[in-house]
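For reference, the structure is listed below as structure tokens.
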Amino acid sequence: MYDLIIVGGGICGFSAAMYAGRLGLKTLVLEGGVLGGTITTTNIVENWPGIKKISGEDLAMQVIDHAKEYGIEVRNEWVREVRAGGKKGCFTVLGEEGTYESRTIIFATGAKHRKHPAKGAERLENKGVHYCALCDGPLYTGREVAVIGGGDSAAKEALLLTEYASRVHLIVRGKALRGEPVNNRRVLENKKIALHTEREVMEMKGEKKLESLIMKGPDGRLEELPVAAAFIAIGITPLSEVAEKMGVKVNKKKEIIIDRTSSTNIPGVFACGDVTDTRFKQAITGAGEAVTAAYWAYAHVNDEGYVCPHGEEKP
Ligand code: NDP
């Protein structure tokens with residue numbers, strides 16, 4: 001019997017694990033994919049307090065190492081289902097390889113990239129259409145490429161690609177780029193980046209690999225832009241299926257609804273990071289939610305009467 005099982009081994013999962021370990025909770029982290037999660041695909045992180053610049057991969061590895069100092073267990077295993085009402089009102093976690101019991105659960109399952117709906121996008125995926133500039137950008141050294149999206153991820157992907165590509169076309173559907181102001185400025189000042197606003201990509205063309213993009217302008221006119229690659233950065237979809245299936249409440253965007261104690265609607269079940277309904281999804285805000293979740297899991301395990309699912313403390 002574990003005190004805490006953390007589903008998801010990204011930076012939030014391991015931030016929760018680090019605190020849980022220090023609090024003496026018998027803790028298991030289950031991660032089926034890449035240890036470290038999404039942040040490992042970020043080139044440079046410049047907004048983790050106390051560290052001016054670090055690669056996403058190095059930051060993740062440091063947090064994982066830190067958590068492992070406190071005797072937590074980690075298994076490389078996908079979670080298929082979590083059931084409430086196990087032994088003594090605890091939770092049963094069904095993994096691909098084993099079944100585990102726990103007193104509390106933290107969902108730190110993160111999010112996946114939203115797929116582009118244009119014609120040809122799916123067919124040409126990994127044949128010029130990509131979702132990670134750090135992973136696939138070097139393939140296009142000296143070529144013209146595009147980034148599609150209007151948020152901070154798109155701005156950062158475009159800036160990273162200038163290290164490889166001869167020219168980067170940043171295609172924004174809205175009237176302006178809406179990244180962090182510091183990144184917007186870097187984009188506008190970078191001579192390798194051509195910003196195309198009010199352009200919607202309707203089609204990705206190419207026989208065996210991507211050759212061009214068909215964009216619709218504000219007047220409805222179509223234009224063709226020849227590029228060797230298109231990197232999509234149009235937002236994220238939360239990975240909340242397992243939580244939702246066990247009865248955890250999600251909002252319209254399928255984000256897990258949490259309160260100030262990182263609690264969900266089910267007592268003993270918490271969530272943190274990109275899978276939740278918090279508006280500002282930064283690594284550090286997710287880590288903060290994770291630490292909050294670990295503390296309240298500790299309170300739940302040690303003094304169940306003290307905690308209620310909506311964060312109202314009993315007098
Ligand atoms: P956002 O949701 O912020 O932005 C998505 C963008 O994609 C919007 O501009 C949207 O345009 C556009 N878009 C959506 N669908 C389409 C489409 N079909 N065609 C063209 N454009 C489209 O996503 P991000 O991935 O940029 O950021 C996600 C979260 O991650 C944010 O909360 C962000 O703050 C965070 N983040 C954190 C980082 C960190 O911790 N350092 C780094 C990067 C991101 P429209 O407005 O027209 O809908």
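Values reported hereafter were calculated over all heavy atoms of this structure, with side chains retained and with hydrogens, waters and symmetry mates removed. Whatever order the structure lists them in is the order used to number ligands and atoms, beginning at 1.
- Residues in residues 9-53 take part in these ring pair (Phe, Tyr, Trp, His ring centres under 6.0 Å) pairs, two or more places apart or across chains: Tyr19-Tyr295.
- For the pair Lys115 and Tyr131, the cation-pi test (distance below 6.0 Å, angle within 45°) is passed.
- Here disulfide bond (SG atoms under 2.5 Å apart) pairs that include residues 207-262, with residues two or more places apart or in two chains, number zero.
- For the atom pair Ile54 CD1 and Leu59 CG, the distance stands at 5.0 Å (nearest 0.5 Å).
- Among residue pairs with one or both ends in residues 108-169, those qualifying as disulfide bond (SG atoms under 2.5 Å apart) are Cys132-Cys135; sequence neighbours excluded.
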Per-pair distances, ligand 1 N/O vs protein N/O, less than 3.5 Å:
| unit_1 | atom_1 | unit_2 | atom_2 | d |
| --- | --- | --- | --- | --- |
| ligand 1 | 9 (O) | Gly150 | N | 3.3 |
| ligand 1 | 25 (O) | Ser153 | OG | 2.7 |
| ligand 1 | 26 (O) | Asp152 | N | 3.3 |
| ligand 1 | 26 (O) | Ser153 | N | 3.0 |
| ligand 1 | 26 (O) | Ser153 | OG | 3.1 |
| ligand 1 | 34 (O) | Gln282 | NE2 | 3.1 |
| ligand 1 | 40 (O) | Gln282 | OE1 | 3.3 |
| ligand 1 | 40 (O) | Ala283 | N | 3.2 |
| ligand 1 | 41 (N) | Asn47 | ND2 | 3.3 |
| ligand 1 | 46 (O) | Arg178 | NH2 | 2.4 |
| ligand 1 | 47 (O) | Arg173 | NE | 3.1 |
| ligand 1 | 47 (O) | Arg173 | NH2 | 3.4 |
| ligand 1 | 48 (O) | Arg173 | NH2 | 2.8 |

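- When hydrophobic clusters are built by joining Ile, Leu, Val, Met, Phe, Trp and Tyr residues whose side-chain heavy atoms come closer than 4.5 Å, directly or via intermediates, Val63 is grouped together with Leu4.
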